[in-house]
Amino acid sequence: TVVCGPHDVTQQVGSGTKMSNRPNQEAVEELWRQALWGYRQEGLRERLLDEWPGDRNVNERIAYEYPPTFQPGYVGPRYFASRVRIVLMGQNPGEGSDPASVEMNREYREGFEAFTRGERGFADLNRLIASHMLRWRVFNGKGIFRDSGAGWMSLLDDDVRPSIEDVGYINYFPFKTSANAGPLGNSPFQRQVSTRYVGRLLELLAPTVIGAMGAWCSSSVERELRRSARSEVIRVQHPSARRPQELQASWGSLSTYLRGLT
């Protein structure tokens, strides 16, 4: 169960910001189902190699051995009702080759497959994803969604701190990569995924601001994200940063931006 904190930025922002949009949520659900079917684990490597035989991301970077390889993201249950919509963006999912992650991801994969078959609802699937996110090693204990055991974003200042239930999370390249290496930029497959999935998902999520986590978000990628989402993009350090003070300071710019919307 995700515990909501009292510091809900969505209750502090005045009129003129984006409001709930049920058609967009339904379109996100359909986009997820299509992508989860198209990138389903069974035969994924063979299908991608057939379609993209010379693509280095398909051949060298994507990790097929630790499913689920494709991960659609996360949408909190209050995201579409939020006046300020915050999307956190990572580069790509972690490979998850350690035994604990492999075991945990069996449940993850089953949830995706049940959703694709229409046997599990969107909200229920996202509750499962949230429970996994709170246990990801890259976040757990490093401040992003942990504050006294609750699901609050403690890297943001107290007065603008949302719950995990208020935010969205996606990856720029939504496929696990071998040894967590970054995907190769500007490959044909990466460009297609960026346009047809990530770009479309950002259009539907219509975030107020994207918190891009990590050095991978170059100026050109930032411009691309601004075009897709038509929103502000603020670059922050990835939670895996080893210096907590620098990490906290880098997220200060996002806190300042959110405070300016009140």
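Excluded from the calculations below are hydrogen atoms, water molecules and symmetry mates; all remaining heavy atoms, backbone and side chain alike, are included.
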For the backbone of [Y] and the side chain of [X], can you confirm whether one donor and one acceptor N or O come within less than 3.5 Å of each other?
X      : Y      : value
Ser255 : Asp157 : yes
Ser187 : Asp55  : no
Lys176 : Thr69  : no
Asn126 : Val75  : yes
Tyr79  : Leu205 : yes
Ser131 : Leu128 : yes
Asp166 : Ser163 : yes
Arg120 : Phe112 : no
Gln41  : Pro67  : no
Arg47  : Gly38  : yes

Would you call the rings of Phe189 and Tyr39 parallel, tilted or perpendicular, taking 30° and 60° as the class edges?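 Perpendicular, since the angle between the ring planes exceeds 60°.
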Are [X] and [Y] side-chain neighbours, meaning at least one heavy-atom pair lies under 4.5 Å?
X      : Y      : result
Trp52  : Asn59  : no
Gln192 : Glu51  : yes
Val193 : Pro174 : yes
Tyr197 : Leu31  : yes
His132 : Glu107 : yes
Leu258 : Val209 : yes
Gln190 : Tyr172 : yes
Ser231 : Thr208 : no

Residues that [X] engages under salt bridge (charged side-chain N to carboxylate O under 4.0 Å, His left out), provided they are two or more places apart:
X      : value
Arg196 : none
Arg226 : Glu222, Glu232
Glu103 : Arg106
Glu60  : Arg56

Quick check for you: to the nearest 0.5 Å, what is the distance between [X] atom [atom1] and [Y] atom [atom2]?
X      : Y      : atom1 : atom2 : answer
Glu30  : Gln25  : CD    : CD    : 13.5 Å
Met133 : Ile164 : CE    : CD1   : 4.5 Å
Asn92  : Thr177 : CG    : OG1   : 4.0 Å
Asp98  : Ser101 : CG    : OG    : 3.5 Å
Ser253 : Gln237 : OG    : CD    : 10.0 Å
Met213 : Leu254 : CE    : CG    : 11.0 Å

Residue pair Cys217, Leu225: steps toward the side-chain contact (heavy atoms from CB on, under 4.5 Å) verdict: CA-CA 9 Å; Cys217 186; Leu225 296 177; 4.3 Å; yes
Hydrophobic cluster membership, with links at side-chain heavy-atom distances under 4.5 Å among I/L/V/M/F/W/Y: are [X] and [Y] in one?
X      : Y      : value
Ile210 : Val221 : yes
Leu134 : Met104 : yes
Leu44  : Leu49  : yes
Leu261 : Leu88  : yes
Leu184 : Trp216 : no

For Phe80, is the NZ or CZ atom of Arg85 found under 6.0 angstrom from the centre of its six-membered ring and inside 45 degrees of the ring axis?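 No, a cation-pi geometry is absent between Arg85 and Phe80.
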Residue list, side chain to side chain contact (heavy atoms under 4.5 Å, CB included) with Glu119, at least two apart or on another chain: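 By the side chain to side chain contact (heavy atoms under 4.5 Å, CB included) rule, Glu119 matches Ala114, Arg117.
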Counterpart residues, ring pair (Phe, Tyr, Trp, His ring centres under 6.0 Å), relative to Phe122 (two or more places apart):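 In terms of ring pair (Phe, Tyr, Trp, His ring centres under 6.0 Å), with neighbours along the sequence ignored, Phe122 is linked to Trp32.
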Go through Val102 and Tyr66 one step at a time and tell me if the side-chain contact (heavy atoms from CB on, under 4.5 Å) criterion holds. CA-CA 7 Å; Val102 169; Tyr66 304 103; 3.9 Å; yes
Quick one: closest heavy-atom pair of Pro162 and Val167, and the distance?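 Here Pro162 and Val167 meet closest at CG-CG1, 3.9 Å.
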Of all the heavy-atom pairs spanning Glu203 and Ser228, show the shortest one and how long it is.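 That closest heavy-atom pairing would be CG-O, 3.3 Å.
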Between Arg227 and Glu224, does at least one N-O distance fall below 4.0 Å, as a salt bridge requires?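 Glu224 and Arg227: not salt-bridged.
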Carefully, step by step, assess Phe173 and Gln91 under the rule side-chain contact (heavy atoms from CB on, under 4.5 Å). CA-CA 6 Å; Phe173 188 70; Gln91 184 177 31; 5.5 Å; no
Show your reasoning for whether side-chain contact (heavy atoms from CB on, under 4.5 Å) applies to Ile129 and Leu125. CA-CA 6 Å; Ile129 296 171; Leu125 176 62; 4.0 Å; yes
